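Accompanying notes for the structure given below.
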Amino acid sequence: MEGGIKHRMVMVNGINMHVAEKGAGPVVLFLHGFPELWYSWRHQIIGLAAHGYHAVAPDLRGFGGTDAPRSHTNYTAFHIVGDLIALIDSLGQEQVFVVGHDWGAVIAWYFCMFRPERVKALVNLSIAFDPRDPERKPIESLRAMFGDDYYICRFQEPGVVEAEFDCINTATLLKTFLTTRDPAPLVMPKGALKEGLKDSVDEKISLPSWLSEEDISYYANKFEKTGFTGGLNYYRALDLNWELSAPWTGAKLKIPVKYIVGDLDLTYSIPSAKDYIHKGGFKNQVPFLQDVVVMEGVGHFINQEKPEEINAHIFDFIQKF
């Protein structure tokens, strides 16, 4: 499903970045998550272009057709936001709309923290703004809350999870990630993934209506070429981001924001998340938070699961600015 989407390479911040884009008009910058690619925004690119916007969706550093430095120290929020500032500059834009999901949402929050003057408005999916805890590093907090087998903790040691992923058919692995609808914390005891999937034939994982074999094939072909290290390095840089972002402790994000989450999203079910989102904590950190939308019966990969609704939410919000 290309629908007139154009592809090109741009040199940004010392790396080559693959960009998918369509349309003319104000720029809407789409930031994908893990394990995803620009392709996660295929419906939004076409939908927003039809509404008179220039939709731009890069493969972020470490993913797809974009360069992937090996070390996690090259994946801080400063690197990624730096890539995006260079991309916006290359488009000749002073300000853009930003739409983020999953890791793309995390990067979008950092983007608004570091360079708010470059963002007209933000629509973020799944991940609410998480203020920096000056007392404790993120990985330490996650271990304390969920244990060593929590997926983010398991992703920390370079090479370990990659070796487990290598033992599993890439398409099967991606089907497992993309179709999960269990809002419980994602735990991955050592070897469990391999054990759970080794007897699994692709056909056994039935795909939902919003995800086709063609979609899985697109993702799988790209990840088979690149591996998963680039994406995993975002998790490995969490503590480094914490150290480097110390000057922004307590900073408020003063950007107009719309936040959308599915009620089956595992991020929405983290202890105290709902209270934070709905009872004033989130609004306190993001004073211009204008809208919080909870979509019923929707999982984590919300922009792919409910593309028409998400397109309408994005358009309804950004057209005000």
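Being a predicted model, the structure only gives us computed values, none of them experimental.
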* **Side-chain heavy atoms of Val56 within contact of Val19, under 4.5 Å** => yes
* Check whether any side-chain N or O of Thr267 sits under 3.5 Å from a backbone N or O of Ser126 as a donor-acceptor pair, and report yes or no. => yes
* To do: Report whether Met9 and Leu37 are members of the same hydrophobic cluster (ILVMFWY, side-chain heavy atoms less than 4.5 Å apart, transitive linking).
  => no
* **Inter-residue atom distance Leu173.CG - Tyr219.OH, 0.5 Å rounding** => 14.0 Å
* With sequence neighbours excluded, give me every salt bridge (charged side-chain N to carboxylate O under 4.0 Å, His left out) pair touching residues 259-278. => Asp275-Lys279
* Asked: Out of curiosity, Cys112 SG to Leu122 CG, how far, rounded to the nearest 0.5 Å?
  -> 4.5 Å
* Asked: Can we say Glu305 and Arg181 salt-bridge, meaning some charged N sits less than 4.0 Å from an Asp/Glu carboxylate O?
  -> yes
* **Side chain to side chain, Thr180 and His300, heavy atoms closer than 4.5 Å** => no
* To do: With sequence neighbours excluded, give me every salt bridge (charged side-chain N to carboxylate O under 4.0 Å, His left out) pair touching residues 60-83.
  => Arg61-Asp83
* Would Asp148 and Arg154 pass as an ion pair if we require N to O under 4.0 Å? -> no
* Keeping the roles fixed (side chain from Asp291, backbone from Val257), state whether a donor-acceptor pair exists under 3.5 Å. => no
* Connected via hydrophobic side-chain network under 4.5 Å: Val160 and Leu232 -> no
* Taking all atoms of both residues into account, what is the closest heavy-atom pair of Val99 and Asn124, and its distance? -> C-OD1, 4.5 Å
* Asked: Would you call Lys137-Glu243 a salt bridge at under 4.0 Å N-O?
  -> yes
* Matching residue for Tyr259 among Phe288, Phe129, Phe282 - test: ring pair (Phe, Tyr, Trp, His ring centres under 6.0 Å) -> Phe282
* **Salt bridge present between Glu117 and Arg115 (N-O < 4.0 angstrom)** => yes
* To do: Carefully, step by step, assess His101 and Glu36 under the rule side chain to side chain donor-acceptor pair (under 3.5 Å).
  => CA-CA 10 Å; His101 171 255; Glu36 298 180 271; 3.2 Å; yes
* Please name the pair of heavy atoms, one in His18 and one in Gly65, separated by the smallest distance, quoted to 0.1 Å. => CB-C, 3.7 Å
* To do: Check the pair Val286 / Lys252 against side chain to side chain contact (heavy atoms under 4.5 Å, CB included), numbers first and verdict last.
  => CA-CA 6 Å; Val286 185; Lys252 310 274 187 188; over 6 Å; no
* **Centroid-centroid distance, Trp248 to Tyr110, less than 6.0 Å** => no
* Side-chain donor or acceptor of Thr249 paired with backbone N/O of Ala246 under 3.5 Å -> yes
* **Pairwise side-chain contact, Lys175 with Glu213, heavy-atom cut-off 4.5 Å (strictly under)** => yes
* Asked: Between the side chain of Asn221 and the main-chain N/O of Ser217, is any donor-acceptor distance below 3.5 Å?
  -> yes
* Asked: Roughly how far apart are Lys320 NZ and Asp316 CG, rounded to 0.5 Å?
  -> 7.5 Å
* Is there a side-chain contact between Thr179 and Leu207 (heavy atoms, below 4.5 Å)? -> yes
* Please walk me through it: do Val292 and Ile277 pass side chain to side chain contact (heavy atoms under 4.5 Å, CB included)? -> CA-CA 8 Å; Val292 172; Ile277 289 166; 3.8 Å; yes
* Asked: Just by modelled atom types, is the Ala184 backbone N or O under 3.5 Å from a matching donor or acceptor in the Asp182 side chain?
  -> yes
* Could Arg236 and Glu157 be called an ion pair, given the rule that one side-chain N must be under 4.0 Å from one carboxylate O? -> no
* Tyr235-Val187 co-clustered via ILVMFWY side chain contacts under 4.5 Å -> no
* Stepwise, does the side chain to side chain contact (heavy atoms under 4.5 Å, CB included) test hold for Tyr150 with Met145? -> CA-CA 9 Å; Tyr150 187 57; Met145 203 182 295; over 6 Å; no
* Let me see the working for Glu164 and Lys190 under side chain to side chain contact (heavy atoms under 4.5 Å, CB included), right down to the final yes or no. => CA-CA 9 Å; Glu164 289 185 36; Lys190 278 193 177 140; 4.3 Å; yes
* Cluster link Met295 to Leu264, ILVMFWY, side chain under 4.5 Å -> no
* Could you tell me the separation between the CD1 atom of Ile139 and the CG atom of Leu238, rounded to the nearest 0.5 Å? => 4.5 Å
* Is any side-chain heavy atom of Phe97 less than 4.5 Å from a side-chain heavy atom of Leu29? -> no
* Asked: Do the numbers put Arg132 on top of the ring of Trp242, so that NZ or CZ is under 6.0 Å from the six-membered ring centre and no more than 45° off the axis?
  -> yes
* Say whether, by atom type as modelled, one donor and one acceptor occur between the side chain of Lys283 and the main chain of Leu289 under 3.5 angstrom. => yes
* Asked: Is there side-chain contact between Pro58 and Thr66, with heavy atoms separated by less than 4.5 Å?
  -> no
* **Close side-chain approach of Pro35 and Phe228, heavy atoms under 4.5 Å** => yes
* Which heavy atom of Ile127 sits nearest a heavy atom of Ala105, and at what distance? -> CB-CB, 3.9 Å
* More than 12 heavy atoms of other groups within 6.0 Å of Lys6 NZ -> no
* **Given Tyr75, Phe34, Tyr234, Phe155, the one that forms ring pair (Phe, Tyr, Trp, His ring centres under 6.0 Å) with Trp103** => Tyr234
* Asked: Do you know the tightest heavy-atom contact between Pro287 and Lys254?
  -> CG-CG, 4.3 Å
* Structure fact -> Between Gln285 and Ala251, the two heavy atoms sitting closest are OE1-O, 4.1 Å
* Is Leu48 close to Ile318 at the side-chain level, that is, under 4.5 Å between some pair of heavy atoms? -> yes
* Structure fact -> Between the CG atom in Asp239 and the CD atom in Gln156, the distance rounded to the nearest 0.5 Å is 6.5 Å
* **Identified ring pair (Phe, Tyr, Trp, His ring centres under 6.0 Å) partner of His32 from the options Phe63, Trp41, Trp38, Tyr39** => Phe63
* Structure fact -> Heavy-atom nearest pair, Val10 first then Ser90, reads CG1-OG, 3.7 Å
Ignoring hydrogens and angles, write down the donor-acceptor pairs under 3.5 Å from the side chains of residues 307-314, residues two or more places apart or on other chains.
residue: Asn311; atom: OD1; partner: Gln44; partner atom: NE2; Å: 3.1
residue: Asn311; atom: ND2; partner: His43; partner atom: O; Å: 3.2
residue: His313; atom: ND1; partner: Lys258; partner atom: NZ; Å: 3.2

* Asked: Is there a salt bridge (charged side-chain N to carboxylate O under 4.0 Å, His left out) between Glu21 and Arg8 once you walk through the steps?
  -> CA-CA 9 Å; Glu21 61 190 335; Arg8 63 191 174 100; 2.4 Å; yes
* Asked: Rounded to the nearest 0.5 Å, what separation is found between the CG atom of Leu84 and the CG atom of Leu60?
  -> 6.0 Å
* To do: Salt-bridge test for Arg42 and Asp215: reply yes if a basic N is under 4.0 Å from a carboxylate O, no otherwise.
  => yes
